[in-house]
Engineer: 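Mind looking over this structure? Questions follow.
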Protein chains: 2
Amino acid sequence: MTQTLRIPRSDNRLPLVLDAAARLFREKGYAATSMRDIATAVDMLPGSLYYHFAAKEDLLVAVYEEGVRLITEKVRAAIARQTEPWERLEAAAVAHLEALLKTGDYALVVIRVLPQDVPKAAARLVKLRDSYDKLFAELVAALPLPPETDRQSFRLLLLGALNWSQHWFRENGRNSPRSIARSFLKLLRDAQKT
Amino acid sequence: MTQTLRIPRSDNRLPLVLDAAARLFREKGYAATSMRDIATAVDMLPGSLYYHFAAKEDLLVAVYEEGVRLITEKVRAAIARQTEPWERLEAAAVAHLEALLKTGDYALVVIRVLPQDVPKAAARLVKLRDSYDKLFAELVAALPLPPETDRQSFRLLLLGALNWSQHWFRENGRNSPRSIARSFLKLLRDAQKT
DNA sequence: CTATAAAGCAAACAGTCGTTTGTTTTTTCT
DNA sequence: AGAAAAAACAAACGACTGTTTGCTTTATAG
């Protein structure tokens, strides 16, 4: 009665399914994307998706997890290269925005699909988001700011503005995620030099 | 052959329909709200809604219009009471946030339902949003800022942060839309005093 | 009081939704 | 080569979707 552990097949199309789901969730939103849309995108039958995921919301959670993982990874790598607190925050802001606007679909799903839109998965989604927020809280805590400064507002101001940029940003010669993040940070940094 | 102009009936339930649609679109999003949801909320039959609106997306546009109207009205009234540019911007920020977080459903739908989620109505929705953005652009243009300041980034930073607050704000003793807007503005204002 | 237009009812249309069930194909391990 | 597990197919389930059509009720105008 030995339990044989088997290695997954190499032609497993689960990665493709996740890619397609991420793309569609980002383009059309969660509710407007059907399981058939996703299945068609990877040339599968709708029912086959249920071999990989028990329900539609589990697919979303999987995309979310990968999104948070990607952003966290990029931001961690970016701040590791800096030592000065303001430099670290700027590096984080740039990495955050580049992850959102350049990495592509996974990261954008995280800030575009609202937990409240998917009641059955809301708790799990919020948890994933919160784990990331802590990173920025630590960076802001390390800043040399005047004692009366409201550091929570500071964090919410910066992160809110960065996340909202998804709604208006269009890549072009003058504009880049990096230049925008730096602009934002300059506006905030100058204010604290008095 | 005289064309008789008649006054609408006084028991018209269209306002109730709009209220219910605004509430549901805000709570569940556009795609997840069905015409039956809305009809049930006002004790009507689904088909009856089509006497007032030719399609679901027209209902959304109507809610959007009222939302933009409400926000614009509040902000205009608030800035009219101030003369100094920074005071005017702060009054606008407070009014904007109070409109979003206190006025209720109509205003929140405007920043919560994305035009890209409703392709058939996207153009109309974007137009409504843009008409409002101009208001803030004028306020920022009037600020006495150092010549090298990027005023567009300034506006996007502030407005983005204000709009994003819908995702984390919870009313309580310490927190109010007014106090948040003022915190944000203080962080930005101090930076420009050097 | 009566015609007329406003507002809504009743019932259905065709299509789409997430999901389930039973079966088949394909790969891996022994 | 043969057994077992992985991955997907094929086909359908009931529920729900936005919308249409024809008819009825009800308030208003003359």
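Residue numbers start from 1 in every chain, and the chains themselves are labelled A, B, ... in the order their sequence lines are given, proteins ahead of strands.
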Engineer: Do the charged groups of Asp105(A) and Arg23(A) touch, with an N to O distance under 4.0 Å?
Structural biologist: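 Salt bridge flag = no for Arg23(A) with Asp105(A).
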Engineer: Lys120(A) has an atom NZ; how far is it from atom P of dG18(C), in whole Å?
Structural biologist: 11 Å
Engineer: Starting at atom CZ of Arg36(A), determine the distance to atom C1' of dA12(D), rounded to an integer number of angstrom.
Structural biologist: 10 Å
Engineer: Nearest-Å distance, CG (Leu14(A)) to P (dT26(C))?
Structural biologist: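 After rounding, the gap between these two atoms is 20 Å.
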Engineer: May I ask you to decide whether Glu73(B) forms a salt bridge with Arg69(B), counting only side-chain N to carboxylate O separations under 4.0 Å?
Structural biologist: yes
Engineer: Just how far, in rounded Å, is P of dG8(C) from CG of Leu16(B)?
Structural biologist: 9 Å
Engineer: Heavy-atom contacts under 4.0 Å between residues 44-58 of chain B and DNA chain C, which residues?
Structural biologist: Met44(B), Leu45(B), Ser48(B), Tyr51(B), His52(B)
Engineer: When rounded to the nearest 0.5 angstrom, what distance separates CG in Leu101(B) from CG in Leu108(B)?
Structural biologist: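 Leu101(B) CG to Leu108(B) CG: 6.5 Å, rounded to 0.5 Å.
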Engineer: Is the shortest distance from a Lys or Arg side-chain nitrogen in Arg178(B) or Glu98(B) to a carboxylate oxygen in the other one below 4.0 Å?
Structural biologist: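 Salt bridge between Arg178(B) and Glu98(B), a charged N being under 4.0 Å from a carboxylate O: yes.
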Engineer: I'd like to know if Asp150(B) and Arg155(B) make a salt bridge, using a cut-off of under 4.0 Å between side-chain N and carboxylate O.
Structural biologist: no
Engineer: Closer than 4.0 Å, any side-chain N/O of Ser34(A) to the OP1 or OP2 of dT16(C)?
Structural biologist: no
Engineer: Rounded to whole Å, how long is the line connecting atom CG of Asp37(A) with atom C1' of dT19(C)?
Structural biologist: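 Rounded to the whole Å, the gap is 16 Å.
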Engineer: Send over the distance from Lys28(A) NZ to dC17(C) C1', rounded to a whole Å.
Structural biologist: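 About 12 Å, once rounded to whole Å.
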Engineer: Ignoring hydrogens and angles, does a donor from either the side chain of Arg9(B) or the base of dA27(D) sit under 3.5 Å from an acceptor on the other?
Structural biologist: no
Engineer: Keeping Tyr106(A) on the side-chain end and Asp19(A) on the backbone end, is there a donor-acceptor pair under 3.5 Å?
Structural biologist: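 Indeed, once roles are kept as given, a pair shorter than 3.5 Å links the two residues.
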Engineer: How long is the line joining OH of Tyr30(B) and C1' of dG18(D), in whole Å?
Structural biologist: 9 Å
Engineer: Which part of the nucleic acid does Arg13(B) contact within heavy-atom distance under 4.0 Å: base, sugar-phosphate only, or nothing?
Structural biologist: sugar-phosphate
